[in-house]
Engineer: 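The following block contains the structure, expressed as structure tokens.
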Amino acid sequence: MHIVLDRRPDGGVTATELDAAAMPHGTAAVEASDLAEFVRSREPEHPRWVWSSAARWYPALLAAGVRVERCVDLALCRRILRTSLLTADSELAHEPATGWDDLARIATAAAETPGAPTLFEVGESAPAAALDPVREFQAQQAAAIGATQPAPLRLLLAAESAGALIAEEIRFTGMPWRADVHDRVLTEALGPRAPDGRHPARLEALAAKIRELLDAPRLNPDSQPELLAALRRVGLDVTSTRKWELRELEHPVIEPLLEYKNLYRLFTANGWAWLDTWVHDGRFRPDYVVGGVVTGRWATSGGGALQLPKNIRRAVVADPGWKLVVADAAQLEPRVLTGLASDVNMADAGRGRDLYDSVVAAGVVASRREAKVAMLGAMYGATTGDSARLMPALRRAFPQAIGLVDRAAEQGERGDQVMSRLGRTSPRPGGAWREVQDRASQPGASAADERRARSQARDWGRFTRNFVVQASAAEWALCWMAELRLRLAELGSDLVTAPHLVFFLHDEIMVHTPERFAPQVERLVRDAAAQAGRLLFGTFPVDFPLQVATVDTYADAK
DNA sequence: GTTTACGGCGCG
DNA sequence: AAAGCGCGCCGTAAAC
């Protein structure tokens, strides 16, 4: 059963119940102040709540202590359906852009554009009929049912919508974060916090030393051009100030300079200013953007939750009497590729053991490092170095899997779109791309035109090569998390007192749980991973082993 | 003065 | 060693 929620101009809500054919068979007018109670009262019937976006509707419900099991996030689902090759013939895909597309674009924009309408403003002023969620849901249903392969697409829509709920729940509960521990980490590394955001003592001392060693008393080491010039002035033949280039040089300034860069990064990206901005009441609240990446990965908008450096993970500490269950999927992308290609050889290699070790044991390459580099190269489209050199051996050993990514690359080079396992579709290359290709195929094309077109085609081919794997891996992760969320809810539905997800990072999840539930949570995490594999790849025997750790602090998870 | 691009580096 | 994919964020410098 579906219940569609729509905001009326007077601020109240219309709830429309739909039958299996998505036809309305009853509406209720609900005052805004009664909405949470209304949702709570209907939730035992396990409806799927249909709303413009979870980001818009769900926070207020969570704040009122109400969780929902399932939803349809129309903004996110529209974006998928409007661009999927599986629904390319649908009316939905062909209709002109509407306010729903604005909503979808804003919902999945990683950064807010100043002055642009926010998610909460779009549609508020438009005529109600323009953004009728019942009609929109019916149009989406029609597109999904008429899809070339409805089943995977419907799974994708459900998973994406579950992701939207999870993102809001994580934002609501937050990730446990000990500001005092974070401050200790910073103080140990940088010296005590200086007033007014000024550089702390250690950073200043290192800067002074660098100026002295480079004989540049006015040098600002944060300025790349100034630093580059100063390095060249003392006879160092560098073309950049990147740390891996600096590391190769022999000069007394290199050591303090590398240390300075390291500490400077900590200070600016995750220093006291970050702590003040993003951590409140013992919680870090990541600003996830579901579907923010074209491949379906999540992005973030502010807070940098997807880039938490290892050195501050000590500050992520479970509450007293609680634990963190941290799990990550081992070699997720190659295993997803295995399933995509139904590559039995690769599935055998990955079964019950480290995939890369097996590739070595099979005599394909000489070391685990080479196996990893070769596999990543296959999925990223390496053209040079060790990785490219190892590709032929890998292709011989796993023709099915490598053939799949090679074909995806060829499609991209031609300008064709490619699809993930469940039907998420890569964007079309832009107009400029087509122009360059067209020009190169004209009779009068110069060698330079052809070179440029070729190089650009290869660039896009590397993108589509990676897209099929990365997008399908993102789907596996969404399914994993959605399955886990439902299983965790059986241990207790209250987000504050029961085990709940607090972090997600592409192939890694973290559950904050009362200590006594930790063993059960570990089991559920594994069950959910197995189920995600079945949802994506049916009975094909590809394993998705996890590294699971129950810890007090995130730093101990790996 | 304000916005955009770039270099650099963190994460998967 | 740091390429081959996907990101966000910082500060500075360049462009407007």
Side-chain angles (χ1 to χ4, degrees), chain A residues 108-115 197 199 220-229 238-248 257-258 260-271 273-274 277-278 286-289 291-313 328-334 336-337 369-370 372-391 405 408-409 412 418 426-427 458-471 473-474 477 503-509 554 558:
Chain A
T108 55
E112 285 159 44
T113 319
H199 288 191
N220 172 10
D222 308 337
S223 162
Q224 193 265 356
E226 279 186 43
L227 182 59
L228 187 61
V238 280
T239 57
S240 80
T241 61
R242 287 193 282 264
K243 66 178 177 187
W244 50 86
E245 190 172 349
L246 299 180
R247 212 152 40 197
E248 299 311 301
L257 182 54
L258 289 176
Y260 178 86
K261 286 167 87 72
N262 184 8
L263 294 180
Y264 180 69
R265 166 85 194 180
L266 174 63
F267 174 67
T268 56
N270 294 100
W274 182 90
T277 308
W278 293 103
D287 216 342
Y288 285 120
V289 183
V293 180
V294 282
T295 57
R297 276 188 174 181
W298 290 11
T300 54
S301 161
L306 305 183
Q307 309 144 245
L308 293 178
K310 299 232 156 77
N311 54 4
I312 60 161
R313 294 184 181 184
D328 76 274
Q331 303 114 31
L332 176 59
E333 293 194 345
V336 164
L337 174 57
R369 186 199 65 87
E370 284 190 340
K372 182 174 180 177
V373 164
M375 200 69 84
L376 292 176
M379 293 182 299
Y380 293 167
T383 55
T384 59
D386 283 358
S387 180
R389 187 171 54 71
L390 295 164
M391 281 295 294
V405 282
V418 297
S426 67
R458 285 191 197 281
D459 289 348
W460 197 257
R462 283 196 303 278
F463 166 61
T464 52
R465 171 192 291 272
N466 185 249
F467 182 96
V468 293
V469 179
Q470 191 184 116
F503 191 57
F504 170 53
L505 181 55
H506 307 318
D507 62 356
E508 180 177 343
I509 53 103
Y554 190 17
K558 276 187 191 165

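First the proteins, then the strands, lettered A, B, ... as listed; each starts at 1.
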Engineer: Within the structure, does a side-chain N or O atom of A:Thr241 lie under 4.0 Å from either OP1 or OP2 of B:dG8?
Structural biologist: yes

Engineer: Give a yes/no answer on whether the side chain of A:Lys261 brings an N or O atom under 4.0 Å of OP1 or OP2 in C:dC10.
Structural biologist: no

Engineer: Counting heavy atoms from C-beta on, name the nucleotide in B:dG12, C:dG8, C:dA1 closest to the side chain of A:Arg369.
Structural biologist: C:dA1

Engineer: If you go through the side-chain atoms of A:Arg297, does one of them form a donor-acceptor pair with the base of B:dG12 closer than 3.5 Å?
Structural biologist: yes

Engineer: Pick base, sugar-phosphate or nothing for A:Leu376, based on heavy-atom distances below 4.0 Å to the nucleic acid.
Structural biologist: nothing

Engineer: Does a side-chain N or O of A:Lys243 approach OP1 or OP2 of B:dG10 to a distance below 4.0 Å, or not?
Structural biologist: yes

Engineer: Tell me which nucleotide among B:dC9, B:dG12, B:dG10 gets nearest to the side chain of A:Gln470.
Structural biologist: B:dG12

Engineer: Judged by each residue's nearest nucleotide on DNA chain C, which is more toward the 5′ side, A:Gly377 or A:Gly304?
Structural biologist: A:Gly377

Engineer: Between atom CG of A:Asn270 and atom CD1 of A:Ile312, what is the distance when rounded to the nearest 0.5 Å?
Structural biologist: 3.5 Å

Engineer: In whole Å, I'd like the distance from the CG atom of A:Asp287 to the P atom of B:dC11.
Structural biologist: 21 Å

Engineer: Just to be sure I understand the rule, does A:Val469 reach a base, reach only the sugar-phosphate, or reach nothing, if contact means heavy atoms closer than 4.0 Å?
Structural biologist: nothing

Engineer: Roughly how many Å is it from CZ in A:Phe467 to P in C:dC7, rounded to a whole number?
Structural biologist: 10 Å

Engineer: Given C:dG6, C:dC7, B:dG10, identify the nucleotide with an atom nearest to the side chain of A:Phe463.
Structural biologist: C:dG6

Engineer: Send over the distance from A:Glu333 CD to C:dC7 C1', rounded to a whole Å.
Structural biologist: 13 Å

Engineer: Could you check whether any side-chain heavy atom of A:Gln470 comes within less than 4.5 Å of a side-chain heavy atom of A:Val293, counting everything from C-beta outward?
Structural biologist: yes

Engineer: Please classify the nucleic acid contact of A:Arg313 as base, sugar-phosphate, or nothing, using heavy-atom distances under 4.0 Å.
Structural biologist: sugar-phosphate

Engineer: Pairing of DNA chain C as dot-bracket, 5' to 3': ( ) intra-strand, [ ] crossing, | other strand, . unpaired, with Watson-Crick or G-U pairs under 3.5 Å?
Structural biologist: ....||||||||||||

Engineer: If you only use heavy atoms from C-beta on, which nucleotide in C:dG4, C:dA3, C:dG8 is closest to the side chain of A:Val373?
Structural biologist: C:dA3

Engineer: For A:Leu306 and A:Phe504, which heavy atoms make the closest approach, and how far apart are they?
Structural biologist: CD2-O, 3.9 Å

Engineer: Measure the distance from CZ on A:Phe504 to C1' on B:dG12 and round it to the nearest whole Å.
Structural biologist: 10 Å

Engineer: Return the 5'-most residue of the pair A:Trp244, A:Val294 with respect to DNA chain C, ranking by each residue's nearest nucleotide.
Structural biologist: A:Trp244

Engineer: Within 90° of 0 counts as syn, otherwise anti: where does C:dG6 fall?
Structural biologist: anti

Engineer: Assign A:Arg242 to base, sugar-phosphate, or nothing according to its heavy-atom contacts below 4.0 angstrom with the strands shown.
Structural biologist: sugar-phosphate

Engineer: Between CG of A:Leu246 and OG of A:Ser240, what distance do you get to the nearest 0.5 Å?
Structural biologist: 6.5 Å

Engineer: Across nucleotides 11-16 of chain C, 5' to 3', mark each nucleotide with B, S or - according to how protein heavy atoms within less than 4.0 Å reach it.
Structural biologist: SSS---

Engineer: Please state how far atom CD in A:Glu508 lies from atom P in C:dC7, giving the value in whole angstrom units.
Structural biologist: 20 Å

Engineer: Can you tell whether the side chains of A:Arg465 and A:Glu333 come within less than 4.0 Å, N to carboxylate O?
Structural biologist: no

Engineer: With a 4.0 Å limit, can you tell me whether A:Arg265 has a side-chain N or O closer than that to the phosphate oxygens OP1/OP2 of B:dG10?
Structural biologist: no

Engineer: Name the orientation class of the two ring planes belonging to A:Trp298 and A:Tyr288 (parallel below 30°, tilted from 30 to 60°, perpendicular beyond 60°).
Structural biologist: perpendicular

Engineer: If you define the side chain from C-beta out and look only at heavy atoms, does anything of A:Leu308 sit under 4.5 Å from A:Phe503?
Structural biologist: yes

Engineer: Send over the distance from A:Gln307 CD to B:dG8 C1', rounded to a whole Å.
Structural biologist: 13 Å

Engineer: For A:Phe463 and A:Ser426, work out which heavy atoms get closest and say how close.
Structural biologist: CE2-CB, 4.4 Å

Engineer: Please report the distance, rounded to the nearest Å, between CG in A:Leu505 and P in B:dC11.
Structural biologist: 10 Å

Engineer: To the nearest 0.5 Å, what is the distance between CZ (A:Arg242) and CZ (A:Arg247)?
Structural biologist: 12.0 Å

Engineer: Rounded to the nearest 0.5 Å, what separation is found between the CG atom of A:Leu332 and the CD atom of A:Glu508?
Structural biologist: 11.5 Å

Engineer: For A:Lys372, does the NZ atom have more than 12 heavy-atom neighbours from other residues, nucleotides or ligands under 6.0 Å away?
Structural biologist: no

Engineer: Please give, in whole Å, the distance from C:dA1 P to A:Leu246 CG?
Structural biologist: 14 Å

